[in-house]
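The chains referred to below are lettered A, B, ... by the order of the sequence lines, with proteins before strands, and numbering in each begins at 1.
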Amino acid sequence: MFDIKSIRDNPAVFDAGLKRRGLEPLSAKLLVLDEARRAHVTKLQEAQARRNAASKEIGRAKGAKDEATAARLMAEVASLKDFLTSGEKTEKAETAKLDAALADIPNLPRDEVPDGADEKANVEVRRFGDPKAVPAAALNKPKQHFEIGEALDMMDFESAAKVSGARFVFLKGQLARLERALGQFMLDIHTEEFGYTEVNPPLLVRDDAAYGTGNLPKFEADLFFVQSFPLESGELDQLVAEAGFPRDQPLKEQLRFVMGVAKANRRTLIPTAEVSLTNLVREQILDEDALPKRFTACTPCFRSEAGSAGRDTRGMIRQHQFTKVELVSVTTPEKSLEEHERMTACAENILKRLGLPFRTMLLCTGDMGFASQKTYDIEVWLPGQDAYREISSCSVCGDFQARRMGARYRPKGSKDVKFVHTLNGSALAVGRTLVAVLENYQQADGSVMIPEALRPYMGNKDRIAKAQ
RNA sequence: GGAUGGGUGGCCGAGUGGUUUAUGGCACCGGUCUUGAAAACCGGCGUGCUCGCAAGGGUACCGGGGGUUCGAAUCCCUCCCCAUCCGCCA
């Protein structure tokens, strides 16, 4: 969310930032809304000032038993009433209009972010490990993870399709345990070595929270929602009568109406723990001493993957439900860039310990998420795909989310309050880490070696093999 | 699901229609005192918007929205949220 004042002060800079994101200039349009609103507010406030002054005099006049003066003033205030009533409504409407326009604008890239339209313009900043040195490199044709998992009889997409539909999976036996082990392993490192506080957060959140991180209102289609439907028997008939249920309209319209009613009672299934964790500081004014705050959580994430039909349809790469260990930091503006590097290093550290080759990419302007100012993606080597694939994304959001959430802090020795900076990163996406372990550690006989660091979490076994 | 009680500034908490600008305390900031600190004392101290070069002024906000009134934290309606008890329940 942008501060309209900063756009007013520097429209050219704002539009230039949008352009780097591949968007048309918006400042002119926004400033028209802003101008109209301010002109109106000024007029309204003058009328309110007159009303308040007169009302005070009325109080004094009545106290002095001067009924004639009181009556005259009352008549004067009454004449303002129409404008005051309508004017307050207009102000609300104009503010809402401006806010709605601002809420859909993505964060602007920092200067050091490379320009570009898509992932082809991302810039590699470093690399770790050698794809030719992993166990799978010894094989003629390394298999993809779903081939390995299905052959082990521990990864079942067919049953998942029957039970839940496409883009779900059953993990069984040692692979179910491997998923659990990975989550534990990552959490232990982040809490014990990197100072993150482990959190077990709500998976269902209010719209306000999803708005705070930037998932709403623009990306509603990417989310899943749950609710207990608010209507009891008879209430629907009442709604039809009062609000005009569009019964004679196409089904789509009827559905839209019902969804509108339902929206009031819904909860969002978190698409990432970033939503729950970042909103931990919403609507607060923190002491600077309390910063940075560092949270981590291992949670299921839910994404509708609308618009990604046909992409990564096989296997576990792109699922409606997956597990992820998330890192969130809340810092001062001065420390946020440094924290971004630190966070990315925490994520990379997991891959290093698992012996998985990766490269770290600085995303270009066209590939960054909505709330981000600057993002590093970490891409892990997948021998079965013969490619690097995203396994982590670490973003610094500046005050973009903080404004949406009302998350502020009081700088030491200052009376002013400022917005905090927020950061989030995956460390790591557990499902994809499992994929990477399978593909990199696969053996010719179809079994999978367990990386050393993970063995304590796997009953000290050294490999996953098909049950006899 | 039923019943009751609540939602006031960073925190705690008073305030049932005006004649003061929302008590008071804590925390915080400045000062006096002190070698320094603490204590004590004095002063300051909510957030947003808006007008103004500035100093400063205006306005809104006491969970959200609507209403009554010349005037609402206070009265009415409605919604949301929180807490407690009962019921059900992993």
Side-chain angles (χ1 to χ4, degrees), chain A residues 1-9 31 33-99 102 200 202-209 211 227-233 235 238-239 242-243 260-267 279 281-291 399 402-420:
Chain A
M1 176 69 101
F2 285 93
D3 179 11
I4 185 67
K5 274 187 275 187
S6 74
I7 299 174
R8 199 190 298 153
D9 291 342
L31 290 179
L33 291 176
D34 177 48
E35 208 50 62
R37 183 183 144 275
R38 282 158 60 217
H40 175 74
V41 163
T42 305
K43 257 195 290 183
L44 176 64
Q45 291 188 348
E46 282 166 8
Q48 286 168 327
R50 244 176 296 153
R51 176 199 61 194
N52 290 349
S55 291
K56 238 173 251 174
E57 279 185 59
I58 290 167
R60 275 194 290 269
K62 290 213 161 180
K65 301 271 186 251
D66 183 355
E67 292 300 333
T69 303
R72 181 175 56 72
L73 289 165
M74 279 160 73
E76 188 197 329
V77 176
S79 73
L80 289 172
K81 185 157 184 159
D82 278 351
F83 175 69
L84 286 168
T85 309
S86 70
E88 283 170 22
K89 284 200 179 94
T90 306
E91 185 198 352
K92 282 217 170 79
E94 289 184 342
T95 303
K97 212 162 136 189
L98 183 62
D99 285 347
L102 290 170
N200 193 326
L203 307 180
L204 306 182
V205 299
R206 299 178 194 290
D207 277 16
D208 282 349
Y211 176 90
Q227 67 184 156
S228 49
F229 205 76
L231 298 184
E232 288 179 19
S233 68
E235 286 187 87
Q238 204 179 328
L239 263 169
E242 284 172 9
V261 174
K263 207 177 243 187
N265 268 32
R266 74 182 179 184
R267 296 281 140 87
N279 276 282
V281 297
R282 71 176 289 115
E283 290 161 51
Q284 288 196 55
I285 301 178
L286 301 156
D287 285 332
E288 182 169 358
D289 289 341
L291 301 176
D399 65 6
R403 283 180 187 281
R404 290 176 161 246
M405 297 189 303
R408 292 169 294 176
Y409 77 103
R410 206 178 291 282
K412 241 179 155 44
S414 160
K415 266 194 279 183
D416 294 335
V417 291
K418 289 169 78 173
F419 288 104
V420 297

Using a cut-off of 4.0 Å on non-hydrogen atoms, how would the nucleic acid contact of [X] be classed: base, sugar-phosphate, or nothing?
{"X": "A/R403", "result": "nothing"}
{"X": "A/N52", "result": "sugar-phosphate"}
{"X": "A/R50", "result": "nothing"}
{"X": "A/A49", "result": "sugar-phosphate"}

When you compare [N] with [M], how far apart are their [atom1] atoms, in angstrom units rounded to a whole number?
{"N": "B/rA39", "M": "B/rC51", "atom1": "P", "answer": "44 Å"}
{"N": "B/rC76", "M": "B/rG18", "atom1": "P", "answer": "16 Å"}
{"N": "B/rA55", "M": "B/rC45", "atom1": "P", "answer": "16 Å"}
{"N": "B/rC81", "M": "B/rC75", "atom1": "P", "answer": "23 Å"}
{"N": "B/rU21", "M": "B/rA40", "atom1": "P", "answer": "32 Å"}
{"N": "B/rG52", "M": "B/rU47", "atom1": "P", "answer": "23 Å"}
{"N": "B/rG1", "M": "B/rU16", "atom1": "C1'", "answer": "33 Å"}
{"N": "B/rG24", "M": "B/rA14", "atom1": "C1'", "answer": "7 Å"}

Inset, instruction - By nearest nucleotide on RNA chain B, pick out whichever of A/I4 and A/M74 is the more 5' one. - result: A/I4

Legend entry - Whichever of A/V77 and A/R38 has its nearest RNA chain B nucleotide further upstream toward 5': A/R38

Legend entry - Side-chain (A/D3) to main-chain (A/K5) donor-acceptor, under 3.5 angstrom: yes

Legend entry - B/rC80 OP1/OP2 closer than 4.0 Å to side-chain N/O of A/R206: no

Legend entry - Watson-Crick or G-U counterpart of B/rG87, or none if no pair lies under 3.5 Å: none

Legend entry - Heavy-atom side-chain proximity of A/R408 to A/L286 below 4.5 angstrom: no

Inset, instruction - Nearest whole angstrom, please: distance from the P of B/rC81 to the CZ of A/R282. - result: 14 Å

Legend entry - Spacing between A/I285 atom CD1 and B/rG46 atom C1', to the nearest angstrom: 8 Å

Legend entry - Closest to side chain of A/S55, choosing from B/rC49, B/rC70, B/rG48: B/rC70

